[in-house]
There are 2 protein chains.
Amino acid sequence: MSKSEETRSSILHQALDISSEVGLEGLSLGILAKRVEMSKSGLYAHFSSKENLQCAVLDTAAERFIDIVLSPALKQPRGIPRLKALFERWLQWEDDEFSGGCLFITAATEFDDRPGPVRDRLVDHLRDVLDAIARAADICKKEGHFRSDLDTEQFRYDFWGVLLSYQHFRRLLQHPQARDYAHRAFERLVSSATPH
Amino acid sequence: MSKSEETRSSILHQALDISSEVGLEGLSLGILAKRVEMSKSGLYAHFSSKENLQCAVLDTAAERFIDIVLSPALKQPRGIPRLKALFERWLQWEDDEFSGGCLFITAATEFDDRPGPVRDRLVDHLRDVLDAIARAADICKKEGHFRSDLDTEQFRYDFWGVLLSYQHFRRLLQHPQARDYAHRAFERLVSSATPH
DNA sequence: GAATAAAACGACCGGTCGTTCTATATTCCA
DNA sequence: TGGAATATAGAACGACCGGTCGTTTTATTC
């Protein structure tokens with residue numbers, strides 16, 4: 001890895017941490033530069049615009065999501081076990097990975113009516129992430145764990161709602177039972193999808 | 001209504017519109033002053049700090065939520081009809097009321113790890129709003145529409161998830177079937193709560 | 001190790017932010 | 001209606017924003 005790639009990567013690592021706390025808009029070049037201990041202009045040269053930096057941060061988040069949530073879950077047996085692993089790792093991701101909660105969710109709210117390349121990139125990544133849910137549900141159908149007439153698009157919507165509510169109850173309301181609620185909501189979702 | 005109260009109210013009206021689009025942090029005094037056609041300092045004197053303004057905007061949003069969503073729903077018959085009205089009006093509120101989506105949800109993501117008076121105020125209002133859901137579910141139990149062992153706290157978590165997912169699918173992903181998904185998710189929620 | 005290319009620096013740009021000040025205009029009540 | 005209280009204006013503040021510049025230092029390559 002060349003020097004350039006190395007610093008670029010360490011910039012993005014810090015940038016991801018910061019923007020998980022304060023959002024992609026709240027991420028300022030000055031503060032970021034101080035965190036990576038280099039000059040603002042030197043840092044800036046790596047991205048040539050703040051928009052590019054924001055997009056790069058989103059890409060970094062996506063990579064890390066794949067490493068930490070998606071790939072490990074894919075090692076589980078097809079069907080419900082894999083789906084369950086996906087869900088569990090996702091909860092863990094929202095707890096630990098960034099002190100400030102899932103960047104995708106933060107950014108989604110920030111950019112939901114701010115058109116431009118950052119929003120486009122975010123939508124791309126979010127679609128990928130939601131597709132992963134639908135795909136996991138599809139496999140459950142193929143394995144016979146789920147009813148064959150299950151609407152996986154609907155399943156994706158419901159799954160996402162459980163995660164979003166988790167972030168609210170845990171981070172904002174700091175509800176001690178947030179995780180219990182999440183688990184019960186997930187179980188209800190799964191059991192409504194299984195054949196009876 | 002005195003002149004002061006009148007201008008204060010018109011400031012807050014505009015401020016609510018703006019911050020629904022760009023969030024409470026994105027709300028700037030300069031832009032707000034321009035919108036209400038007065039000087040920045042003249043406007044500022046009404047609140048004496050931005051934090052106070054942000055809190056006042058949250059209060060205004062809460063009042064409007066009560067007027068548009070809560071009060072009308074309370075006029076419906078107790079039990080499921082009232083709950084359904086609550087849900088429907090809530091969806092409508094997220095569609096129409098502010099071009100930028102529900103301020104509470106936006107602010108919740110903005111402030112979920114930014115302690116201070118604004119966050120505290122937000123949590124208060126959000127708790128009220130979530131309590132309204134739990135109360136509606138409680139009435140459903142008392143009317144015999146819902147199982148007597150239903151966990152209304154859990155119900156509240158699930159209900160909130162349906163609404164949050166709606167905002168994502170509709171505003172960010174601009175999914176044409178967002179409303180269908182919301183309805184089906186709500187129906188599944190209700191039917192899992194009814195006695196069988 | 002010298003030549004060249006890339007990366008980092010620090011000063012600086014115009015602009016906007018929230019906030020403070022003083023001075024003037026307006027509203028309100030005796 | 002006169003005078004105190006209040007609402008507004010306008011200019012200015014220090015801090016910070018994203019972004020640009022020429023220069024210097026550091027890596028890379030022959």
- What is the per-nucleotide protein-contact pattern of nucleotides 17-30 of chain D, from the 5' end, where B denotes a base atom under 4.0 Å from a protein heavy atom, S denotes such proximity for sugar-phosphate atoms only, and - denotes neither? SBBBB-----SS--

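Residues satisfying the side-chain contact (heavy atoms from CB on, under 4.5 Å) criterion with A/Arg179, sequence neighbours excluded, are A/Glu88, A/Leu91, A/Gln92, A/Asp95, A/Tyr166, A/His183.
As rounded to whole Å, 12 Å separates atom P of D/dA15 from atom NZ of A/Lys34. To the nearest angstrom, P of C/dA8 lies 9 Å from CG of A/Leu43. Distance, B/Glu37 CD to D/dA9 C1': 15 Å, rounded to whole Å. Residue B/Leu53 contributes atom CG, which lies 9 Å from atom P of C/dG18 at whole-angstrom precision. Taking atom CD on A/Glu6 and atom P on C/dA6, their separation rounds to 18 Å, with Å as the unit.
No side-chain donor-acceptor contact under 3.5 Å links A/Gln154 and B/Gln177. Between the side chains of A/His168 and B/Asp112, no donor-acceptor pair is found at a separation under 3.5 Å.
In this structure, the ring of B/Tyr181 has its center less than 6.0 angstrom from the ring center of B/His175. Separation of the B/Trp90 and B/Phe159 ring centroids falls under the 6.0 Å cut-off.
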Can I get a per-line list of side-chain donor-acceptor pairs under 3.5 Å for residues 68-79 of chain A, giving both atom names and the distance, sequence neighbours left out?
| unit_1 | atom_1 | unit_2 | atom_2 | d |
| --- | --- | --- | --- | --- |
| A/Ser71 | OG | A/Ile66 | O | 3.2 |
| A/Arg78 | NE | A/Glu143 | OE2 | 3.0 |

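At C/dA8, one or more side-chain N or O atoms of A/His46 fall inside 4.0 Å of OP1 or OP2 (strictly under the cut-off).
No engagement by A/Ala45 is indicated, since no non-hydrogen atom pair under 4.0 Å with the nucleic acid exists.
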